[in-house]
Amino acid sequence: MTDYFLIGSTPNTTLTSMAFVSLSFVLLLLLIKKFAWQPMTKMLDKRAETIANNIDDAERSKITAAQLVAENEAILKQSRAEAAEIVRKAKEVAEKDANVIIQDAHADAKRHLEQGKKELEIEKAKLIDSAKHEVADLSIEIAEKIIKKELDLATHQELINSYIEGLGSQNED
Amino acid sequence: MDEVSKIIRIGPLDFDLTLMGMTLLTCIIIFTFVYVCSRNLEMKPRGKQNVLEWVIDFVKKILSDNLPSSEVSNHHLFAFTMFLFVLVSNVIGLATKIEIHEGNQAVSYWKSPTADPVVTLTLATIVILLTNYFGVQKFGFKNYFKNSYAEPAKFLMPIKLMEEVTNVLTLGLRLYGNIYAGEVLLTLITMMATSKGIFSFIPSLPLEMIWQGFSLFIGGIQAFIFVTLSTVYLSHKIEAES
């Protein structure tokens, strides 16, 4: 055991062992590099890249989504405003129309009333006219009968008419 | 206790067959593990790939704790290989014990490579040489020398130069001491188990299990310490102090 503590006291195998260990270590390193390390690091790099890309994509998607939401909200707001505007306009038009219709109706009614009144007046005038004639005829007949005297219809018609007119104006007063 | 390795002589050179065999076995185990785990790599890791990635991340953590982030990937492979090599070397000797009596010697055919100071000092030498090499590579020889040995004060240079040697020794012998001590106690417990037949065999069994578990822990810790210290020494060489 004391041999081990005195380095170089076993010169028969030290150098060969050192050479063998160094060589096998270097060989192992090269083999690992060739068969495992390169594919491994390539894969790890690819994975890191993929993860970074995914994170970036997620970030971008988030921003896009936020934009879309904002856009949609704006559109919705606009649509609401437009709808309100349409309803308001429709109401206005309807109110206007209603007013026009009511006014027309009022005007119509008034017109009809006035027409009616006019016709009534005319009828009244006619009636009065015919009544005048009849009264005149009657008066003449009555006068004929009363005075038993023939009267010339044509010469006295004017006289009687003026009399009746006088009656009419007296009545009107 | 006086274990000797199987030594053969080819031409003018002697070869420590036990050590070489165990080192080779360590390399085969590591390569098999890494190779199998790195087949069919997927973006979404599953099963064995997770294990490999965990080890890689573990080593990366050690590196990034001590080195600037731009340097981590340059030394990642080296630290990864070193970590696995030391780890497997530390624990491989716990698995079993093969001893064959040849003449009056008990020749051991199974041991941790890191229970041999030659191996640990070789690894430590590789590390220290590489740290100096990376320092020269990064700063050029003049600036490397200034940064490594003339800072913060010139009169510390002899100490700094000597430190390179002591770093090799401490780095190597710490690992060797821990693993060797573990193996010695394992051997002692084994000797106790076989000394009195069934009466000593049964109580030795839990003792051996406990010590194997502890040695497993020690092996992991030492592998971690070895890589951490290597990284620290490296950072001294490739980081400008001013």
Side-chain angles (χ1 to χ4, degrees), chain A residues 1-70, chain B residues 1-5 7-10 13-17 19-20 23-24 26-28 30-31 33-45 49 52-53 56-57 60 73 76-78 80-82 84-85 89 113 115-123 125-126 169 172-173 176 180 184:
Chain A
M1 203 170 98
T2 47
D3 288 351
Y4 284 129
F5 291 115
L6 295 167
I7 299 150
S9 70
T10 53
N12 45 352
T13 60
T14 305
L15 273 178
T16 52
S17 293
M18 280 185 87
F20 186 79
V21 170
S22 313
L23 209 69
S24 51
F25 181 79
V26 171
L27 221 64
L28 177 67
L29 193 122
L30 292 178
L31 281 174
I32 287 178
K33 185 176 182 182
K34 176 98 174 59
F35 288 103
W37 197 256
Q38 279 164 352
M40 197 73 195
T41 42
K42 214 180 278 173
M43 196 278 301
L44 287 175
D45 285 352
K46 213 169 128 197
R47 181 193 293 164
E49 201 183 317
T50 311
I51 290 171
N53 281 347
N54 284 351
I55 290 171
D56 286 352
D57 278 355
E59 204 94 328
R60 244 171 301 174
S61 305
K62 217 166 116 186
I63 291 168
T64 317
Q67 269 173 357
L68 276 179
V69 166
Chain B
M1 276 288 283
D2 267 344
E3 288 184 333
V4 279
S5 302
I7 291 168
I8 56 165
R9 191 180 187 88
I10 301 171
L13 296 169
D14 292 320
F15 291 95
D16 189 333
L17 208 63
L19 187 69
M20 282 163 62
T23 308
L24 205 61
T26 304
C27 291
I28 289 167
I30 295 168
F31 184 71
F33 163 71
V34 174
Y35 187 81
V36 168
C37 287
S38 62
R39 292 311 92 188
N40 305 319
L41 293 173
E42 285 169 44
M43 294 282 272
K44 231 171 152 186
Q49 195 186 335
L52 185 60
E53 279 187 26
I56 289 174
D57 278 348
K60 190 175 192 169
S73 58
H76 199 179
L77 174 63
F78 175 74
F80 173 75
T81 313
M82 187 57 91
L84 279 182
F85 190 84
S89 296
D116 194 314
V118 173
V119 175
T120 59
L121 287 171
T122 305
L123 292 178
T125 310
I126 291 174
L169 286 175
L173 292 180
Y176 159 67
Y180 182 68
V184 166

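Each chain gets a letter, A, B and so on, in the order the sequences are listed, and its residues count up from 1.
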Problem set entry | Over all atoms of both residues, closest heavy-atom pair of T122(B) and S22(A) |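 Scanning both residues, the minimum pair turns out to be CG2-OG, 3.2 Å.
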Please round to the nearest 0.5 Å and tell me the distance separating atom [atom1] of [X] and atom [atom2] of [Y].
X      : Y      : atom1 : atom2 : value
I8(B)  : T13(A) : CD1   : OG1   : 11.5 Å
F80(B) : L29(A) : CZ    : CG    : 10.0 Å
T81(B) : K33(A) : OG1   : NZ    : 10.0 Å
F31(B) : L27(A) : CZ    : CG    : 10.0 Å

[X] versus chain A, the contacting section by heavy-atom distance below 4.5 Å:
X      : value
L77(B) : both
F78(B) : both
P45(B) : both
L24(B) : both

Exercise. Would the number of heavy atoms belonging to other residues, nucleotides or ligands and lying under 6.0 Å from CG of N54(A) be above 12?
Worked result: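 It does: N54(A) CG has more than 12 such atoms within range.
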Problem set entry | Minimum side-chain heavy-atom gap V118(B)-V21(A) below 4.5 Å |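 Not touching, per the 4.5 Å side-chain cut-off.
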Exercise. With sequence neighbours left out, what residues match R39(B) under salt bridge (charged side-chain N to carboxylate O under 4.0 Å, His left out)?
Worked result: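 Here no residue qualifies.
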For this session: Could you tell me which residues satisfy salt bridge (charged side-chain N to carboxylate O under 4.0 Å, His left out) with D57(A), sequence neighbours excluded, listed by chain and number?
Result: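 Salt bridge (charged side-chain N to carboxylate O under 4.0 Å, His left out) list for D57(A), sorted by chain: R60(A).
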Problem set entry | Most chain B-contacting option - heavy-atom pairs closer than 4.5 Å, from I51(A), T50(A), T16(A), V26(A) |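 Maximum pair count with chain B is reached by T16(A).
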Exercise. Between D116(B), D16(B), T23(B), which is the residue that forms a side chain to side chain contact (heavy atoms under 4.5 Å, CB included) with S17(A)?
Worked result: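 For S17(A), the side chain to side chain contact (heavy atoms under 4.5 Å, CB included) test succeeds with only one of D116(B), D16(B), T23(B), which is D16(B).
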Problem set entry | ring pair (Phe, Tyr, Trp, His ring centres under 6.0 Å) against F33(B), all qualifying residues, sequence neighbours excluded |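 In terms of ring pair (Phe, Tyr, Trp, His ring centres under 6.0 Å), with neighbours along the sequence ignored, F33(B) is linked to no residue.
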Problem set entry | Proximity of residues 34-48 of chain A to chain B, residues having a non-hydrogen atom under 4.5 angstrom |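 Only F35(A), A36(A), W37(A), P39(A), M40(A), M43(A), L44(A), K46(A), R47(A) of residues 34-48 of chain A have a heavy atom under 4.5 Å from chain B.
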